[in-house]
Amino acid sequence: MDKDSLQGKTALVTGATSGIGRATANALAGAGATVLVHGRDATRGGEVVEELVAAGASARFLGAELADAAQVRELAAAAGEVDILVNNGGISAFGPTAELGPESYEAMFAANVRAAFQLVAALAPGMADRGGGAIVSVSSMAGRIGLPGGAGYGGTKGALESMTRSWAAEFGPRGVRVNAVAPGPVFTGTSTPREFLEQLGAATALGRVAEPAEIAEAIHFLVSPRANYITGAILPVDGGRTAI
C-alpha cells in the first residue's frame, strides 16, 4: 500500500485559496483526496477548484468567513463527513500591544482560535464514530518565540497548540490523530513585505524563507498513513528558527 495515498479520503482545507492552504489543497488532491476548498472569495476558490479538477482531482468550493461563528457552523454542515481537517485559515495583525485595538485582537482570536475549535467540535466526533481521521492545525513560530508586535497573533497560535494537545488526548482513543505544524517565515503572497520575511528567514538555521509547498509537504505527511503513530505533536517547519 502506498503510505502517501489519501485515496478515498475527503479533506477540508480552510484558507485554501492562497499560500499554504492552496499548496496543501494541491498536495492532498495529488495524493488522491477529494478536497473541500474553503475561502472567503468565491472567484479565487473557483480558480483553485478548476486547477485541481484539471489535474484529475475531485474538489468543490465552500465559502465562509471564519471570524463569523454562524458561518463556521454552516461551513461544517456543508462539509459533511470529512476524514481530514486542515485548520489553516486565519488572519494576522502585528503592532505594538498598546496600539493593537480590541477589534483586531478579537477578530484574530475569532478566526484563528474559535473557528478551529468549532470545526473540530463539529467534525471530529464523526471521524471518531467512523473509526479514525486526521486533523492538522497550522500554528506559527510566533506561538513559541517572542516577536515584537506579535503578542496578539502569537497568543492565538499558542492557544491553537494547546488545543491540539487536548484534542489529541480527547479523540486519540477513538482513532483520530491531531497534530499541528508551526511554520517559520513563508512566502505566501500576502501583504507582508518581502523584505521583512527575508529578514526573518535570514535568522533561521537554513538562512532562508520557506515556500508554501514545503509546509504543505509536512501537512501531507501528518495526515497520511506514514504518520499513523503521531498525535499531539507540534512539528516545527521553520528552518531551525526555534532550535537556535
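- At least one side-chain heavy atom of Ile20 sits less than 4.5 Å from a side-chain heavy atom of Ile219.
- Cluster partners of Tyr229, using a side-chain heavy-atom cutoff of under 4.5 Å among ILVMFWY residues and allowing indirect links: none.
- In terms of heavy-atom proximity, Pro183 sits nearest to Val186 at CB-CG2, 4.0 Å.
- Listed by chain and number, the residues in a ring pair (Phe, Tyr, Trp, His ring centres under 6.0 Å) with Phe94 are Tyr153 (sequence neighbours excluded).
- A continuous path of hydrophobic side-chain contacts links Leu160 to Phe117 [ILVMFWY only; heavy atoms under 4.5 Å].
- Residues Glu170 and Val120 form no side-chain contact, since every pair of their non-hydrogen atoms from C-beta on lies 4.5 Å or further apart.
- A donor-acceptor pair is defined here as one N or O able to donate and one able to accept, closer than 3.5 Å; no such pair exists between the side chain of Glu65 and the backbone of Gln71.
- Between Ile234 and Arg144, the closest side-chain pair of non-hydrogen atoms falls below 4.5 Å.
- Linking Ile, Leu, Val, Met, Phe, Trp and Tyr whenever their side-chain heavy atoms come within less than 4.5 Å puts Val178 and Leu12 in one cluster.
- A distance-only check finds a donor-acceptor pair linking the side chain of Lys157 to the backbone of Val138 [under 3.5 Å].
- Taking each heavy atom of Val176 and Thr231 in turn, the nearest pair found is O-OG1, 4.3 Å.
- Scored by the side-chain contact (heavy atoms from CB on, under 4.5 Å) test, Glu214 finds Arg208, Ala210, Glu211 as partners (sequence neighbours excluded).
- With rounding to the nearest 0.5 Å, the separation of CD in Glu74 from CG in Leu62 is 11.5 Å.
- When the ring pair (Phe, Tyr, Trp, His ring centres under 6.0 Å) test is applied to Phe221, no partner is found at least two apart in sequence or on another chain.
- Arg60 places a side-chain heavy atom less than 4.5 Å from the side chain of Leu36.
- Taking the ring pair (Phe, Tyr, Trp, His ring centres under 6.0 Å) definition, one finds that Tyr105 meets it with Phe109, sequence neighbours left out.
- The hydrophobic cluster containing Ile215 also contains Leu6, counting ILVMFWY residues as joined when their side-chain heavy atoms lie under 4.5 angstrom apart, directly or transitively.
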Determine whether Val113 and Met163 satisfy the following criterion, side chain to side chain contact (heavy atoms under 4.5 Å, CB included), listing intermediate values before the conclusion. CA-CA 9 Å; Val113 180; Met163 292 194 300; 3.6 Å; yes
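- Counting heavy atoms from C-beta on, the side chains of His220 and Thr24 never come closer than 4.5 Å.
- Among residues two or more places apart in sequence or in another chain, the side-chain contact (heavy atoms from CB on, under 4.5 Å) test is passed with Arg241 by Met141, Ile145, Ala203, Thr204, Asp238.
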Atom pairs and distances, donor-acceptor, side-chain atoms in residues 125-135, under 3.5 Å, two or more places apart:
{"from": "Asp129", "atom 1": "OD1", "to": "Arg174", "atom 2": "NH2", "distance (Å)": "2.4"}
{"from": "Arg130", "atom 1": "NH1", "to": "Gly126", "atom 2": "O", "distance (Å)": "3.2"}
{"from": "Arg130", "atom 1": "NH2", "to": "Val82", "atom 2": "O", "distance (Å)": "2.7"}

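- Of all the heavy atoms in Val237 and Ala218, the pair that sits closest is CG2-CB, 3.8 Å.
- Applying the side-chain hydrogen bond (donor to acceptor under 3.5 Å, both in side chains) test to pairs two or more places apart or on separate chains, those with a residue in residues 79-102 are Asn87-Ser137.
- Across every non-hydrogen atom of Arg44 and Ser18, the tightest pair is NH1-CB, 3.9 Å.
- Phe187 and Leu206 fall into different hydrophobic clusters, where Ile, Leu, Val, Met, Phe, Trp and Tyr residues are linked whenever their side-chain heavy atoms come under 4.5 Å apart, directly or through other members.
- Judged as a side-chain contact (heavy atoms from CB on, under 4.5 Å), and not counting sequence neighbours, the contacts of Phe196 are Thr192, Pro193, Gln199, Leu200.
- Contact between Leu222 and Ala180 at its shortest, heavy atoms only, is CD1-O, 4.1 Å.
- For Thr164, there are no side chain to side chain donor-acceptor pair (under 3.5 Å) partners, not counting sequence neighbours.
- Taking the side chain as every heavy atom from C-beta outward, Val209 and Arg194 never approach each other to under 4.5 Å.
- Side-chain contact check for Leu119 versus Leu75: some heavy-atom pair is nearer than 4.5 Å.
- The ring pair (Phe, Tyr, Trp, His ring centres under 6.0 Å) contacts involving residues 31-87 comprise nothing, where partners must be two or more places apart or lie in separate chains.
- Looking at Thr14, its side chain does come within 3.5 Å of a backbone N or O of Gly89 through a donor-acceptor pair.
- Cluster annotation: Val13 is connected to Val136 through the hydrophobic network of ILVMFWY side chains, with a link wherever side-chain heavy atoms come within less than 4.5 Å.
- Take Glu51 and apply the side-chain contact (heavy atoms from CB on, under 4.5 Å) test, not counting sequence neighbours, and it matches Arg22, Asn26.
- A side-chain donor-acceptor contact under 3.5 Å links Asn179 to the backbone of Ile230.
- Nearest approach of Ser224 to Arg177, heavy atoms of both residues: O-NH2, 3.3 Å.
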